[in-house]
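Heads up, the thing below is written out as C-alpha cells.
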Amino acid sequence: MSTRINVTVNGVQYNHLVEPRLLLVSYLRDVLRLTGTHVGCDTSSCGACTIHVNGKATKCCTMLAVQADGCEITTIEGLSHNGELHPLQEAFNECHGLQCGFCTPGMIMMAADLLQHNPQPTEESIRHALEGNFCRCTGYHNIVKSVQYAAEKMRTGEVEEVDKLTS
C-alpha cells in the first residue's frame, strides 16, 4: 500500500506515491536523485544526512518520507542560487573545511541552521552546534574556521584574512 506525499524540495513541488516505510533520505537520494545528502549511520548519530525541514536542521535517515508530507525541505543542493555558492559552501572550500567530503553536506546544513539563529557565533557555540555531526578526517579546526569565515562574510560581505579567524 503506497501513500501519496506532497513536498517542496529546494523550491520545487513534488507529488509521489511512496511506500510508508521509505526513509526521507532514500526518497531524496533514490526518487529525487538529490545525492548530496549522505547516509552514514542509519541511526541519526553521525549527521551526514542533515537537511532542513521547514527551516530547521533535521537528520533525515530516521525520518519517514510520509512524515515530510506538506513540508518544505532544503538540501545541500538547494543552498546555492543562480550558480553562486552559499557562503558556507564557499567557506568550506576556501578554509579547507573538508577532506573526503562525506560529512560536508551535513556539516554545512547544520552550520546554516546555526547561522540563521546566531549570525555571530563564538568558536564554542559553533563546536556545540556541530556536536551531532561527525567528521572522521579533519579534527574540526578547519570546519570551525569555515563557519566563522562564512558568518563574517554573511554579516559584512567580506572577510579580511582566513588565518586570523581562529588563531
From [atom1] ([X]) to [atom2] ([Y]), nearest 0.5 Å:
X	Y	atom1	atom2	answer
Q99	T104	CD	OG1	9.0 Å
C46	H38	SG	NE2	10.5 Å
E84	Q89	CD	CD	11.0 Å
L32	E77	CG	CD	9.5 Å
D30	L23	CG	CG	10.0 Å
C41	F134	SG	CZ	8.0 Å

With a 4.5 Å limit on heavy-atom distance, are the side chains of [X] and [Y] in contact?
X	Y	value
P119	M154	no
C103	R136	no
L24	I73	yes
M107	Y140	yes
D113	H52	yes

Keeping [X] on the side-chain end and [Y] on the backbone end, is there a donor-acceptor pair under 3.5 Å?
X	Y	answer
Q148	P121	no
N133	G106	yes
N118	Q120	yes
S26	L22	no
E72	V53	no
T156	E152	yes
S146	V144	no
R29	L34	no
T122	S125	yes
K153	A91	no

Under a 4.5 Å side-chain heavy-atom rule over Ile, Leu, Val, Met, Phe, Trp and Tyr, are [X] and [Y] clustered together?
X	Y	result
I51	L114	no
F102	L88	no
V39	V9	yes
I76	L85	no

Please name the pair of heavy atoms, one in [X] and one in [Y], separated by the smallest distance, quoted to 0.1 Å.
X	Y	value
T8	Q13	OG1-CG, 3.5 Å
A57	M110	CB-SD, 3.7 Å
E19	S2	OE2-OG, 3.3 Å
K145	C95	O-SG, 4.1 Å
L79	M109	CD1-SD, 3.6 Å
V7	A68	CG1-O, 3.1 Å

query = Of D69, L64, V66, which meets side chain to side chain contact (heavy atoms under 4.5 Å, CB included) against V18?
reply =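 One option only clears the test, and that one is V66.
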ask   = Are there more than 12 heavy atoms of other residues, nucleotides or ligands under 6.0 Å from atom CZ of R4?
value =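 Buried by this count: over 12 neighbours within 6.0 Å.
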key: Basic-acidic side-chain contact under 4.0 Å: E124, R127   =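 No.
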message = Using the ring-ring contact (aromatic ring centres under 6.0 Å, His included) criterion, which residues pair with F92? Sequence neighbours excluded.
response =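 Partners of F92 under the ring-ring contact (aromatic ring centres under 6.0 Å, His included) test: none.
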ask   = What class does the angle between the rings of H16 and Y27 fall in, given that below 30° is parallel, 30 to 60° is tilted and above 60° is perpendicular?
value =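 Rings of H16 and Y27: perpendicular, as their planes differ by over 60°.
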query = Should L28 and C60 be marked as a side-chain contact (heavy atoms from CB on, under 4.5 Å) after you check the CA-CA gap, both sets of side-chain angles, and the distance that decides it?
reply = CA-CA 9 Å; L28 294 170; C60 66; 4.2 Å; yes
message = As a quick check of understanding, evaluate side chain to side chain donor-acceptor pair (under 3.5 Å) for N10 and T74, giving each step before the final call.
response = CA-CA 5 Å; N10 301 330; T74 305; 4.7 Å; no
message = Please evaluate residues L130 and I143 with respect to the criterion side-chain contact (heavy atoms from CB on, under 4.5 Å), reporting the C-alpha separation (whole Å), side-chain torsions for both, the decisive distance (0.1 Å), and the verdict.
response = CA-CA 9 Å; L130 298 177; I143 292 171; 3.6 Å; yes
